[in-house]
S.K.: 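Sending over a structure as structure tokens; questions will come in a sec.
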Amino acid sequence: MIATRRDALKLAGLAGLGAGLPRGLFAAEEIPELAAQVARLQLLPDSYPQTEVWGYGGTIPGREIRLGQGQRLRRRFVNDLPQASSIHWHGIRIDNAMDGVSGLTQDAVAPGGTFDYDFVTPDAGTYWYHAHNRSWEQVARGLHGPLIVDEAEAPDVDREEVLILDDWLLNPETGQIDDSFDHPMMMSHGGRTGNYVTTNGRYNLSLPVRRHERLRLRLINASNARIFPLRLSRLEGWIVALDGMPLATPAPVEDVLVLGPAQRTDLIVDVLADEGETADLVHVGDAENFSQVVFTVSGTASQTRRAAPVALPPNPKMDRPDLAGATPLRLVMSGGAMGGMDSAILNGERMGFRELAAAGRFWAFNGVAEMTDTPLADLGLGEPVRLEIVNDTVFPHAMHLHGMHFREVSKDGALGPLRDTILVGGRETREIAFIVDNPGDWLFHCHMLGHAASGMTTWVRVT
Ligand SMILES: [Cu+2]
């Protein structure tokens, strides 16, 4: 087709018109929706009733979002729930206004309301999205899904599987979600752990594989509080990324892999089992082990094994902080059952443990059992920081920093891989360090979500 001068004028006119309008006017028509909905589905085995859940797109897990590194992600969050909500894009080094934290970076979206999320995904890797208002209830009801950012060049694997590990606290009679979200016993102990463990919403997930097939497994722990100890059986595996960020060298899996709440581990695995056998991702239990995922082997991908995998390409901004010049910070975690916390500050006043418990607060950060008006630290862009985390409680806590990844500082001063969530064991002290490279107000909280709601939430400000 030959464009006439008239056509060219028309096109120019349109372009001019578009450029002169507020961006929202044109964008509004194209933005894909992501609705949080009430749904009923068969979570339990077929002989049980269906379970009412809250899910993104009405599914468990929520609809997978996948895009390329450096691409723009736009979603219109539609709240079809009976409760206000917002979406947090966990692990994405995001623009602060898009971080989705109700009460800090945005107002919670009322039932029937919408919010447009629009951001760029700077890093390739395995991320996830979940509700960030009353998250100890909303995530437990099912509001989470995978967010996968593909590398520009895909790693050399036969295929990949996204595996969302979760647990549910269900009433075995009715098959419905136990709604005692604020139960003091759970809040003050290890958090809400379920009685029904699933992968991708299935208690018996089984995937067909071939002998010597090479898979990338993207493990995501979406549970409220459960720590998943995992082992590989008839699979040889390498850890290639943690919390989305590639390791410099793939680390062979030799022992138990521990996946704390909100953490992700990317594995490359080779199927060693013979045809007719199974390989397993084994959940290591206190009493007995069970299969978290069964891989049933039929057929052969190749007669011989492949060479060990190479590292994933690095993400941008993986620089190591200068420890010598780093600003020292300290966070003391106290409280919980058997923790011996006498008192803490709530609503600006010192209260005894019983008074705190009556107000639903069981934990404190630096002696304060609530989100404070002033941040834990006021930090300058580019500043290196080291943060000592003293766990003066008997429970483990999965500490998550929004907006930035950090490295663990070991006792000898060595720096570990980049992570966004660190599991700190009971009575343990750990140290993390990071370069403050993302402006905004960033939450730092325990991802045992009941703990976050009952005292374990603070924040840092970066300007
Ligand atoms: Cu905790």
Side-chain angles (χ1 to χ4, degrees), residues 88 90-91 101 104 128 130-140 144 165-167 169 180-194 220-229 243 258-264 329-341 344-346 353 356-357 359-372 376 387-402 406 408 419-432 442-460:
H88 171 55
H90 189 116
V101 178
L104 184 68
W128 63 301
H130 64 79
H132 219 302
N133 188 47
R134 289 188 59 81
S135 57
W136 70 100
E137 171 179 354
Q138 296 191 357
V139 175
H144 53 73
L165 283 54
D166 197 4
D167 69 348
L169 190 56
S180 59
F181 299 104
D182 298 291
H183 201 290
M185 183 71 159
M186 288 181 213
M187 288 228 170
S188 63
H189 286 69
R192 179 187 168 98
T193 44
I220 303 172
N221 182 350
S223 73
N224 271 45
R226 179 177 292 265
I227 297 164
F228 284 85
D243 296 346
V258 177
L259 198 64
Q263 290 186 321
R264 287 90 64 214
L329 301 174
R330 194 160 189 259
L331 184 80
V332 179
M333 315 159 87
S334 58
M338 302 163 283
M341 181 172 80
I345 305 291
L346 180 62
F353 190 78
L356 291 166
R361 302 300 167 115
F362 303 96
W363 310 90
F365 281 168
N366 292 346
V368 181
E370 62 193 326
M371 177 89 170
T372 47
L376 172 73
L387 167 59
E388 191 181 33
I389 306 170
V390 181
N391 182 0
D392 196 15
T393 84
V394 302
F395 294 96
H397 300 288
M399 291 301 298
H400 170 48
L401 178 64
H402 287 223
F406 52 77
E408 181 166 4
R419 302 213 68 145
D420 60 42
T421 306
I422 181 174
L423 192 58
V424 184
R427 302 287 186 204
E428 243 183 22
T429 294
R430 308 274 284 273
E431 192 180 15
I432 62 171
W442 302 110
L443 223 51
F444 185 49
H445 66 96
C446 180
H447 226 285
M448 273 80 171
L449 297 169
H451 293 175
S454 56
M456 291 197 145
T457 302
T458 187
W459 60 294
V460 296

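Both counts, for ligands and for their atoms, begin at 1 and track the order of listing. Just so we're clear, the structure is a prediction, and the values are computed from it rather than from any experiment. Because only heavy atoms are used, hydrogens play no part in the values below, and waters and symmetry mates are left out as well, while side chains stay in.
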S.K.: For a 4.5 angstrom cut-off between non-hydrogen side-chain atoms, does His132 reach His90?
M.R.: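 They are not in side-chain contact.
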S.K.: Name all residues meeting the salt bridge (charged side-chain N to carboxylate O under 4.0 Å, His left out) criterion together with Glu370; count only those two or more places apart in sequence or in a different chain, and write none if there are none.
M.R.: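 So Glu370 forms no salt bridge (charged side-chain N to carboxylate O under 4.0 Å, His left out) with any residue.
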S.K.: Do any protein N, O or S atoms sit under 2.8 Å from the Cu ion (ligand 1), and which ones are they?
M.R.: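 You should have found His397 ND1, Cys446 SG, His451 ND1.
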S.K.: Determine which pairs satisfy salt bridge (Lys or Arg N to Asp or Glu O under 4.0 Å) with at least one residue from residues 184-194, sequence neighbours left out, and list them in order.
M.R.: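 Of all non-adjacent pairs touching residues 184-194, none passes salt bridge (Lys or Arg N to Asp or Glu O under 4.0 Å).
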S.K.: Evaluate the criterion salt bridge (Lys or Arg N to Asp or Glu O under 4.0 Å) for residue pair Arg430 and Glu408; output intermediate values, then yes/no.
M.R.: CA-CA 8 Å; Arg430 308 274 284 273; Glu408 181 166 4; 2.5 Å; yes
S.K.: Please determine, by modelled atom types, if Asp166 and His144 share a side-chain donor-acceptor pair under 3.5 angstrom.
M.R.: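 Yes, a side-chain donor-acceptor pair sits under 3.5 Å.
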S.K.: Only pairs at least two apart or in different chains count here, so list each salt bridge (Lys or Arg N to Asp or Glu O under 4.0 Å) that has a residue in residues 389-401.
M.R.: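 Sorted pair list: Asp392-Arg427.
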